[in-house]
Amino acid sequence: ALDEFFVTDVADAMILSRLFGRLWDQNVVLVATSNRVPENLYEGGLQRALFLPFIHRLQEECVPHNMASTTDYRKLAQHQRGLYFTSADGADELQEEWVDCTEGVPVAPTQVQVQMGRTME
């Protein structure tokens, strides 16, 4: 799930196009929110024509739902677990949240194969 899906530059646009194309090819379901309808993503952006095939695919793969409302629900949210603002004193609480999110599984760097025989850590 993605919240506030927004595209601001051509490099991001091209990355999203390839990333989501591959995800959809694997039957991944996308749930996202945006303040813009799909056809207005990256509107007025440089080389937008390169991004248009992604917008067309987005419209084929997803069903947009207009959530128009006069209420900004973000302002009404009652966050049960906090908003994760922290200071130097809050580092321990943040660490506890991290352990909870990762279910205590240690997180370590790993390498992933990418194109042309390269790896990314």
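Residues take their numbers from the sequence shown, with the count starting at 1.
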Checking side-chain contact (heavy atoms from CB on, under 4.5 Å) for the pair L41/F51: CA distance, chi angles, key distance, verdict?
-> CA-CA 9 Å; L41 287 172; F51 190 56; 4.0 Å; yes
side-chain contact (heavy atoms from CB on, under 4.5 Å) between E43 and I55: does it pass, once the steps are laid out?
-> CA-CA 11 Å; E43 188 173 45; I55 292 174; over 6 Å; no
Decide side-chain contact (heavy atoms from CB on, under 4.5 Å) for R57 and W24; before the verdict, give the C-alpha distance in whole Å, the side-chain angles of both, and the deciding distance to 0.1 Å.
-> CA-CA 9 Å; R57 178 112 189 241; W24 286 321; 3.4 Å; yes
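Annotation: the span from Y42 atom OH to M14 atom CE amounts to 10.0 Å, rounded to 0.5 Å. Here the CD-NE2 distance, from E39 to H56, works out to 10.0 Å after rounding to the nearest 0.5 Å. Taken to the nearest 0.5 Å, the CG atom of L19 stands 11.5 Å off from the CG atom of D12.
Residue-environment remark: CG (L52) exceeds the threshold of 12 foreign heavy atoms within 6.0 Å.
Nearest heavy-atom pair across F20 and L30 is CE2-CD1, 3.6 Å.
Residue L23 is grouped with residue L58 when hydrophobic side chains (ILVMFWY) are merged at heavy-atom distances under 4.5 angstrom, including chains of intermediate members.
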